[in-house]
Trainee: 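One structure coming up, written as structure tokens, with questions to follow.
First the proteins, then the strands, lettered A, B, ... as listed; each starts at 1.
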There are 2 protein chains.
Amino acid sequence: MNNVRFATSVHILTLLATMKDEYLSSDFIAGSVNVNAAVIRKEISNLKACHLVDSKEGKGGGSTLARPASKIKLSEVYEAVRQVHVLGRSNTPNPRCPVGRDVNKHLESLYEDTDNYVKQKLSVITLEEFVKKFK
Amino acid sequence: MNNVRFATSVHILTLLATMKDEYLSSDFIAGSVNVNAAVIRKEISNLKACHLVDSKEGKGGGSTLARPASKIKLSEVYEAVRQVHVLGRSNTPNPRCPVGRDVNKHLESLYEDTDNYVKQKLSVITLEEFVKKFK
DNA sequence: CATACTGTAATTATTTTTATTACAGTACAA
DNA sequence: TTGTACTGTAATAAAAATAATTACAGTATG
């Protein structure tokens, strides 16, 4: 996952947790993350789909956490943004070679296991705990 | 890590382990992985730098494992190819925002922890064990 | 109705990743 | 000593992934 989406989502959620009584606009968030507001809106759209964020349209609108930070696990954020396996992708090897024929099956299984380890590890950290570090 | 390098390296090492008495040519390996031989040579060059593979130039040359498969841990392969953190990269946030100012520090620490966890998990799997699955 | 927002699509730009080509250098073996 | 079969590596091009930007319709508020 050679991208910045996890960082962006955690940043957004941290802001929302820090100012949990207000609806924050995408412009405000974009100013903090230092990216274009459209990027933030797209990321928020994804976080909404994953039930981590709620938002309100129109004047005075913006986003807020869907639940208290203590109820949001970092594994949920990870799952919201993850697109590929931790260990990467596979080739399309030659099926006429005994190794090529089976390697993806064995790799996939390793990939799944490794992804699950990461999820497990992140599942014991809440957004609340992460946000506490900023004090 | 949205690439195929871990898969390619594991595939190479699996072939070398399976035919451990021969020097395998990059052409042969490329045929099994189903990529260009130059890609294989580049990956092998990296595996050599990480002391996982030895190779011999000239006619009859090729590559072989630097050590028995039982002495090669998958964490070593991972470290040989890893380029970015498991959880991805960071933004360059606004330092004038309290969250923006510190978020990378906290993210980095989380990134390190997560990477280490993955390494730890992969360190208990040897190439030998992986290769056994092909039987 | 003006204003301040979201939601989303379309487009472009940038960066990363992969594939391809080429060729100098090395070692074996006839 | 020369042909052959390799490695090593650089250069380039192609493809794919990622990020940035622009634009604008739709929505809620006062």
Side-chain angles (χ1 to χ4, degrees), chain A residues 1-9 11-12 15-16 19 22-50 52-64 66 81-85 87-94, chain B residues 1-9 11-12 15-16 19 22-50 52-64 66 81-85 87-94:
Chain A
M1 196 160 64
N2 194 359
N3 65 32
V4 98
R5 291 187 59 199
F6 182 81
T8 303
S9 284
H11 193 144
I12 292 169
L15 287 170
L16 297 182
M19 307 169 81
E22 308 172 49
Y23 278 80
L24 303 187
S25 76
S26 57
D27 266 326
F28 174 82
I29 297 172
S32 173
V33 180
N34 191 27
V35 297
N36 196 286
V39 172
I40 297 296
R41 291 202 283 271
K42 196 150 55 174
E43 205 56 56
I44 283 178
S45 157
N46 180 56
L47 292 170
K48 277 173 64 179
C50 299
L52 296 173
V53 162
D54 280 337
S55 65
K56 210 165 63 173
E57 287 190 24
K59 189 173 178 178
S63 300
T64 189
V81 301
R82 107 176 214 1
Q83 307 188 100
V84 295
H85 295 294
L87 297 179
R89 303 199 310 271
S90 295
N91 289 295
T92 52
N94 183 350
Chain B
M1 198 159 67
N2 194 358
N3 64 34
V4 95
R5 290 188 59 201
F6 182 82
T8 303
S9 284
H11 193 143
I12 293 169
L15 287 170
L16 298 183
M19 305 167 80
E22 308 172 48
Y23 278 81
L24 302 187
S25 75
S26 58
D27 265 327
F28 174 81
I29 297 171
S32 172
V33 180
N34 192 27
V35 298
N36 195 288
V39 171
I40 296 297
R41 291 201 284 269
K42 196 149 57 173
E43 206 57 53
I44 283 178
S45 157
N46 180 56
L47 293 171
K48 275 174 64 180
C50 299
L52 296 173
V53 162
D54 280 335
S55 64
K56 210 164 62 172
E57 288 191 20
K59 187 170 179 179
S63 301
T64 188
V81 301
R82 102 176 199 52
Q83 307 189 99
V84 296
H85 295 294
L87 297 178
R89 302 200 309 270
S90 295
N91 288 295
T92 52
N94 184 351

Trainee: With a 4.0 Å cut-off on heavy atoms, is B:S26 in touch with a base, just the backbone sugar-phosphate, or nothing at all?
Mentor: sugar-phosphate
Trainee: Heavy-atom nearest nucleotide on DNA chain D for B:R89 versus B:G61: which residue maps closer to 5'?
Mentor: B:G61
Trainee: Which part of the nucleic acid, if any, lies within reach of B:Q83 when heavy atoms closer than 4.0 Å are counted: base, sugar-phosphate only, or nothing?
Mentor: sugar-phosphate
Trainee: Starting at atom CZ of B:R5, determine the distance to atom P of C:dT16, rounded to an integer number of angstrom.
Mentor: 14 Å
Trainee: Under 4.0 Å, heavy atoms only, any strand: does A:N2 hit a base, just the sugar-phosphate, or nothing?
Mentor: sugar-phosphate
Trainee: About how many Å separate CZ of A:R41 and CG of A:N46, when rounded to the nearest 0.5 Å?
Mentor: 15.5 Å
Trainee: Name the closest nucleotide to the A:R41 side chain, picking from C:dT6, C:dA19, D:dA19.
Mentor: C:dT6
Trainee: Between the protein and nucleotides 25-29 of chain D, are there any N/O to N/O pairs under 3.5 Å, and if so, what are the atom names and distances?
Mentor:
from: D:dT27; atom 1: O4'; to: A:E57; atom 2: OE1; distance (Å): 2.9
from: D:dT27; atom 1: O2; to: A:G58; atom 2: N; distance (Å): 3.4
from: D:dA28; atom 1: N3; to: A:K59; atom 2: N; distance (Å): 3.3

Trainee: Could you give the distance from CZ (A:F28) to CD (A:E22), rounded to the nearest 0.5 Å?
Mentor: 7.5 Å
Trainee: From the options C:dT18, D:dT7, D:dA20, select the nucleotide whose nearest atom is closest to the side chain of B:N3.
Mentor: C:dT18
Trainee: Separation of A:E43 atom CD from C:dT6 atom P, in whole Å?
Mentor: 15 Å
Trainee: Could you state the interatomic distance from OH (B:Y23) to CG (B:L16), rounded to the nearest 0.5 Å?
Mentor: 10.5 Å
Trainee: On DNA chain D, compare the nucleotides closest to A:N34 and B:S45; which residue's is nearer the 5' end?
Mentor: B:S45
Trainee: Of the nucleotides D:dT21, D:dG8, D:dC6, which has the atom closest to the A:V39 side chain?
Mentor: D:dT21
Trainee: In whole Å, I'd like the distance from the CG atom of A:D27 to the C1' atom of D:dA23.
Mentor: 14 Å
Trainee: To the nearest 0.5 Å, tell me how far B:K42 NZ sits from B:N36 CG.
Mentor: 10.0 Å
Trainee: In whole angstrom, what separates A:D54's CG from C:dG7's C1'?
Mentor: 15 Å
Trainee: May I ask you to verify if any side-chain N or O of B:S55 is less than 4.0 angstrom from the OP1 or OP2 atom of D:dG8?
Mentor: yes
Trainee: Round to a whole Å and report the spacing from CD of A:E22 to P of C:dC5.
Mentor: 12 Å
Trainee: Of the options B:I40, B:L15, B:I12, B:V53, which is the one that meets B:S63 in a side chain to side chain contact (heavy atoms under 4.5 Å, CB included)?
Mentor: B:V53
Trainee: Using only side-chain N and O atoms of A:K48, determine if any of them is under 4.0 Å from OP1 or OP2 of C:dG7.
Mentor: yes
Trainee: When rounded to the nearest 0.5 angstrom, what distance separates CG in A:L87 from OG in B:S9?
Mentor: 12.0 Å
Trainee: From CG of A:N36 over to C1' of C:dG7, roughly how many Å is that when rounded to an integer?
Mentor: 14 Å
Trainee: Starting at atom CG of A:N46, determine the distance to atom P of C:dT6, rounded to an integer number of angstrom.
Mentor: 17 Å
Trainee: Please check: side-chain N/O of A:R5 versus main-chain N/O of A:R82, any donor-acceptor pairing under 3.5 Å?
Mentor: no
Trainee: Take the protein atom NZ of A:K42 and the nucleotide atom C1' of C:dA10, then report the distance between them rounded to whole Å.
Mentor: 10 Å
Trainee: Can any side-chain N or O of A:N94 pair as donor or acceptor with the backbone N or O of B:N34 at less than 3.5 Å?
Mentor: no
